[in-house]
Amino acid sequence: QDAEVIRTRDPQRLAQCDVVVDVGGEYNPARHRYDHHQRSFTQSMHCLRPNKPWSTKLSSAGLIYCHFGTQILSSLLGLPEDGPVVTTLYDKLYENFVEEIDAVDNGIAQHDGEPRYAVTTTLSARVSHLNPRWNDTEQDTEVG
């Protein structure tokens with residue numbers, strides 16, 4: 001509730017953070033590091049929660065959802081984490097919302113073959129518009 005959100009790639013500042021998401025090059029839930037940008041990262045929902053069927057490679061959003069989704073839903077709904085309502089809602093939200101974010105963020109094609117159209121108004125696309133281009137000389141994410 002009282003968390004301060006810092007947007008940076010500065011390793012010294014990241015080292016001081018309690019939770020780091022989508023930067024830092026480390027996936028380590030014990031240290032609350034949730035980045036998927038390593039060549040060796042191949043985790044899916046099924047890998048981390050074998051009772052779930054989805055094999056789409058997780059983005060950082062998917063990692064956060066995987067690790068905290070049931071807890072958040074349980075808290076919001078005032079229902080037990082392992083109850084049928086939370087379980088069903090968790091699965092539906094992943095399948096119909098978060099999995100798309102995971103796939104788009106990881107460059108997984110929506111279908112095989114040549115795309116028929118470009119999807120440019122997804123949540124992932126909107127977030128990417130906030131980031132500097134990969135080849136911009138100014139990489140400060142705080143510059144408007």
Side-chain angles (χ1 to χ4, degrees), residues 1-113 115-134 136 139-144:
Q1 175 176 325
D2 298 322
E4 178 185 1
V5 176
I6 299 170
R7 191 168 176 192
T8 185
R9 287 190 172 96
D10 179 351
Q12 292 177 340
R13 291 196 69 194
L14 292 175
Q16 298 170 1
C17 295
D18 295 325
V19 179
V20 177
V21 178
D22 207 32
V23 294
E26 179 182 5
Y27 169 58
N28 184 339
R31 291 182 10 92
H32 291 295
R33 300 306 190 244
Y34 302 98
D35 194 9
H36 67 113
H37 296 105
Q38 308 91 38
R39 290 186 192 276
S40 61
F41 185 88
T42 59
Q43 303 298 326
S44 67
M45 185 67 78
H46 181 70
C47 291
L48 299 178
R49 298 181 76 168
N51 63 327
K52 303 298 180 190
W54 305 286
S55 60
T56 301
K57 181 180 168 184
L58 295 171
S59 67
S60 295
L63 284 171
I64 294 298
Y65 190 75
C66 180
H67 287 282
F68 299 104
T70 54
Q71 181 182 354
I72 293 166
L73 291 169
S74 170
S75 176
L76 290 170
L77 298 170
L79 296 171
E81 282 187 48
D82 60 351
V85 172
V86 170
T87 299
T88 300
L89 188 55
Y90 178 89
D91 290 351
K92 290 296 184 185
L93 279 169
Y94 185 76
E95 187 171 18
N96 295 301
F97 183 65
V98 179
E99 186 176 26
E100 177 185 345
I101 296 169
D102 289 342
V104 170
D105 194 28
N106 284 301
I108 299 168
Q110 188 175 4
H111 50 78
D112 292 332
R116 295 185 187 104
Y117 59 90
V119 177
T120 60
T121 58
T122 64
L123 177 61
S124 297
R126 291 171 189 260
V127 169
S128 74
H129 293 305
L130 300 172
N131 294 324
R133 293 186 187 138
W134 71 271
D136 283 350
Q139 288 292 314
D140 185 353
T141 56
E142 297 301 317
V143 172

For residues [X] and [Y], determine if any side-chain heavy atom of one lies less than 4.5 Å from a side-chain heavy atom of the other.
X: Glu26; Y: Val20; result: no
X: Thr56; Y: Ser44; result: no
X: His67; Y: Leu48; result: yes
X: Gln71; Y: Glu81; result: yes

[atom2] on [Y] to [atom1] on [X], rounded to 0.5 Å:
X: Cys17; Y: Ile6; atom1: SG; atom2: CD1; value: 4.5 Å
X: Ser59; Y: His37; atom1: OG; atom2: NE2; value: 8.5 Å
X: Lys57; Y: Asp102; atom1: NZ; atom2: CG; value: 10.5 Å
X: Asp82; Y: Tyr90; atom1: CG; atom2: OH; value: 14.0 Å
X: Glu99; Y: Ser55; atom1: CD; atom2: OG; value: 7.5 Å

Q.
Using the ring-ring contact (aromatic ring centres under 6.0 Å, His included) definition, which of the options Phe41, Tyr65, Phe68 pairs with Tyr34?
A.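 Result: among Phe41, Tyr65, Phe68, Phe68 is the only option passing the ring-ring contact (aromatic ring centres under 6.0 Å, His included) with Tyr34.
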Could you report the tightest heavy-atom contact between [X] and [Y], atom names first, then the distance?
X: Pro80; Y: Ser74; value: C-OG, 3.9 Å
X: Gly25; Y: Gln38; value: C-NE2, 3.1 Å
X: Cys66; Y: Leu58; value: CB-CD1, 4.5 Å

Q | Single hit among Leu76, Leu79, Thr70, Leu77 for side chain to side chain contact (heavy atoms under 4.5 Å, CB included) with Leu89 | A |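 Of all the options given, the one that passes is Leu77.
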**Q.** Reference residue Asp35; test side chain to side chain contact (heavy atoms under 4.5 Å, CB included); the match among Leu63, Asn28, Asp22
**A.** Asp22
Tell me if a side-chain donor or acceptor on [X] pairs with a main-chain N or O of [Y] at a distance below 3.5 Å.
X: Asp105; Y: Ile101; answer: no
X: His46; Y: Trp54; answer: no
X: Asp10; Y: Gln12; answer: yes

Q: Would you indicate whether Asp18, at its atom CG, is surrounded by more than 12 heavy atoms from other residues, nucleotides or ligands within a distance under 6.0 Å?
A: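 Check fails, neighbour count at 12 or below.
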**Q.** Cation-aromatic face contact Arg49/Tyr94, 6.0 Å, 45 degrees
**A.**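 No, a cation-pi geometry is absent between Arg49 and Tyr94.
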